[in-house]
Amino acid sequence: MIDRESWARLGVGPAATALAYLFSAFLGEALAFPSAPVSALWAPNAILFAALLLAPVNRWWIYLAAILPGHVLAQVSDAPASQIVIQYIVNSAEAAISAAALLRFESEPRRLGQLSAMTNLVLIGGIAAPLITSVAMAMAFVPLGLTDDFWLTVVARTSTNTFATITLVPLIIHFALRSERGWPTLDRRRLLEACIIGVCLAVVCVYVFVWPGVYDERAPALLYAPLPLLIWATVRYEIAGVCASVLLLGAFATWGVLHEVGPFVVHSPVRNALTTVLFLNVICIPLLMLAAVLQERKATFAEAARREQQLAHLSRVATVGEISGAVAHEIRQPLASMLANAEAASALLASGEMDVQQVRPILADIIADNRRAAQVIRRMQSMLRYSPTDRRPEPLNELVMETLALSRADLHRRQVVAIQSLGNELPRVAADRVQIQQVILNLIVNACDAMESVAPGQRRLWIGTSMHPTLGVELSVRDSGPGIEESMLERVFDSFVSTKPSGLGLGLSISQKIVISHGGRLWAERSPGGGAIFRLTLPVATRS
């Protein structure tokens with residue numbers, strides 16, 4: 001039994017499709033070229049095609065049945081019953097063939113940002129399906145006397161359906177998916193840029209296609225005038241930018257033909273109309289392919305960045321794991337102190353001779369030890385958590401101090417003396433706090449590993465911050481180990497290259513990628529006094 005809400009969900013999509021089909025059919029009739037069987041924009045089939053792509057396959061019959069009343073209503077006044085029936089069948093077949101083919105060849109047919117999906121949309125939904133159904137319709141029309149020119153009917157219907165499919169279907173799919181995911185916050189600068197592109201394109205189109213007397217022997221060159229603006233819209237707004245800008249271009253080109261001005265008013269009305277629509281198709285298809293390539297490339301880079309972030313997180317967990325034993329020991333100390341103080345307070349209560357002045361320092365020690373343990377745990381949680389990159393103005397000295405506090409127990413266990421030299425009044429750097437702390441921690445752990453062969457009394461770690469003359473704020477980490485060979489200074493940042501017998505060779509590689517993504521630099525040097533120096537620079541944060 002289907003409840004009322006289910007019936008409502010079943011009915012909203014087909015009803016909206018039927019209304020859009022009816023309205024676009026009337027609009028297509030109004031946009032028909034004079035003395036030519038061609039409409040500037042015949043959208044009903046494209047709307048049905050997009051609706052079937054968005055709907056479950058088992059509900060397609062509901063959509064096909066829903067458009068029938070609108071189809072009949074739009075044509076009943078000026079078309080015989082046989083023509084109405086034939087056009088309903090071929091229109092439904094075109095949309096169903098296109099949607100079924102995309103579902104067959106694409107695992108995610110609605111992701112038109114993939115080049116393969118866009119190619120199939122253009123070749124199958126935009127060319128093959130309209131051509132096949134147009135031939136079938138013309139073959140049915142000729143015996144019934146509904147058309148005198150077989151090939152004109154085929155070319156006219158195919159070209160108009162192609163233009164509607166390649167401009168409207170990607171646009172409908174784009175807005176439908178955006179509605180599902182939720183609309184992003186409005187970016188005023190992008191909105192302003194879109195308005196500028198639209199206004200400039202309109203001005204150019206008015207000059208090329210509408211302004212009387214402009215089109216002369218310079219005509220071929222003038223047809224290229226809108227192209228830079230179309231490419232601008234494609235690069236900045238991808239598929240939605242292509243469809244919207246080409247529709248705007250088509251509106252001005254059609255207006256010029258209807259008023260017998262512009263580059264396409266040179267032949268008979270039929271040839272003028274077909275030339276206009278074919279020109280728009282030729283302009284739109286390569287731009288759609290370019291938009292799909294750009295969108296697919298962006299998705300690839302986003303996926304690569306996500307995987308790099310996951311790898312950086314795993315590297316951070318591994319680095320923290322190396323010092324976890326020492327950190328656990330550092331937590332154990334305040335816990336033991338809290339236990340001892342609690343037992344002392346319990347003994348005072350049991351003796352019956354409790355003095356408030358004796359209990360207060362015990363409670364103060366318990367609170368201090370608790371805070372100390374909580375700080376260690378908080379630092380560990382901060383380093384171990386997985387979160388998106390969040391760059392903010394951060395004080396580098398504070399990041400260094402927190403990282404040293406986290407690694408203090410490990411430094412003590414390895415008998416390494418850390419010597420700080422932090423610059424005063426340094427400007428803040430634009431950084432993701434956790435990622436930069438990961439880099440600093442990795443440099444500290446690597447320096448400690450490099451000093452394993454050095455006598456415990458000679459293990460020194462110098463860490464300092466200062467202003468670099470040109471690159472922003474600089475952090476340097478120097479150790480008293482044996483140093484790095486000259487041939488390894490650049491290779492130490494390569495993946496899977498390590499100077500440690502048990503090292504994976506990913507820590508420095510990931511650290512360098514993190515620093516570069518922040519707009520900084522990370523490099524290694526040989527110290528004149530022995531050991532190695534790693535220098536890191538980060539750009540100064542700009543005021544927002």
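Because the structure is predicted, anything quoted here is derived from the model rather than measured.
The pair Glu238-Lys298 meets the salt-bridge criterion, since a charged nitrogen lies less than 4.0 angstrom from a carboxylate oxygen. With respect to the salt-bridge test (charged N to carboxylate O, under 4.0 angstrom), the residues Arg428 and Glu394 do not qualify.
Of the possible polar contacts, none joining the Thr17 side chain to the Tyr63 backbone as a donor-acceptor pair under 3.5 Å is found. Between the side chain of Ser245 and the backbone N or O of Val242, at least one donor-acceptor pair lies under 3.5 Å. With hydrogens and angles ignored, the 3.5 Å screen pairs no side-chain donor or acceptor of His518 with any backbone N or O of Gly520. Using modelled atom types, no side-chain atom of His174 and backbone atom of Ile239 make a donor-acceptor pair closer than 3.5 Å.
Shown are Ile166, Val246, Thr160; of these, the side chain to side chain contact (heavy atoms under 4.5 Å, CB included) with Asn281 is made only by Ile166. Of the residues Leu121, Leu54, Leu168, the one that meets the side chain to side chain contact (heavy atoms under 4.5 Å, CB included) test with Ile173 is Leu54.
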For Ser24 and Leu41: C-alpha separation, side-chain torsions, deciding distance, then whether side chain to side chain contact (heavy atoms under 4.5 Å, CB included) applies.
CA-CA 9 Å; Ser24 60; Leu41 182 68; over 6 Å; no
For the pair Val72 and Tyr88, evaluate side chain to side chain contact (heavy atoms under 4.5 Å, CB included) and give the outcome as yes or no after the intermediate values.
CA-CA 8 Å; Val72 173; Tyr88 171 74; over 6 Å; no
Applying side chain to side chain contact (heavy atoms under 4.5 Å, CB included) to Asn91 and Tyr21, what does each step give before you reach the verdict?
CA-CA 11 Å; Asn91 289 354; Tyr21 187 98; 3.2 Å; yes
Between Asn45 and Thr133, does a side chain to side chain contact (heavy atoms under 4.5 Å, CB included) hold up when you go through it step by step?
CA-CA 11 Å; Asn45 301 351; Thr133 54; over 6 Å; no
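When all heavy atoms of Phe264 and Asn272 are compared, the pair lying nearest together is O-OD1, 2.7 Å.
How far CG of Leu522 is from NZ of Lys513: 13.0 Å, rounded to the nearest 0.5 Å. Note that CG of Leu131 is 13.5 Å distant from CD1 of Ile124, once rounded to the nearest 0.5 Å.
Gln75 and Gln87 are linked by a side-chain donor-acceptor pair at a separation below 3.5 angstrom, with hydrogens and angles left out of the test.
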Report all side-chain donor-acceptor pairs from residues 134-143 shorter than 3.5 Å, counting only partners two or more places apart or in another chain.
{"residue": "Ser134", "atom": "OG", "partner": "Pro130", "partner atom": "O", "Å": "2.5"}
{"residue": "Ser134", "atom": "OG", "partner": "Arg157", "partner atom": "NH1", "Å": "2.9"}
{"residue": "Ser134", "atom": "OG", "partner": "Thr158", "partner atom": "OG1", "Å": "3.2"}

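Environment of CG in Asp148: sparse, with no more than 12 heavy atoms of neighbouring residues, nucleotides or ligands closer than 6.0 Å.
Under the 6.0 Å distance and 45° angle rule, Arg521 counts as a cation-pi partner of Trp523.
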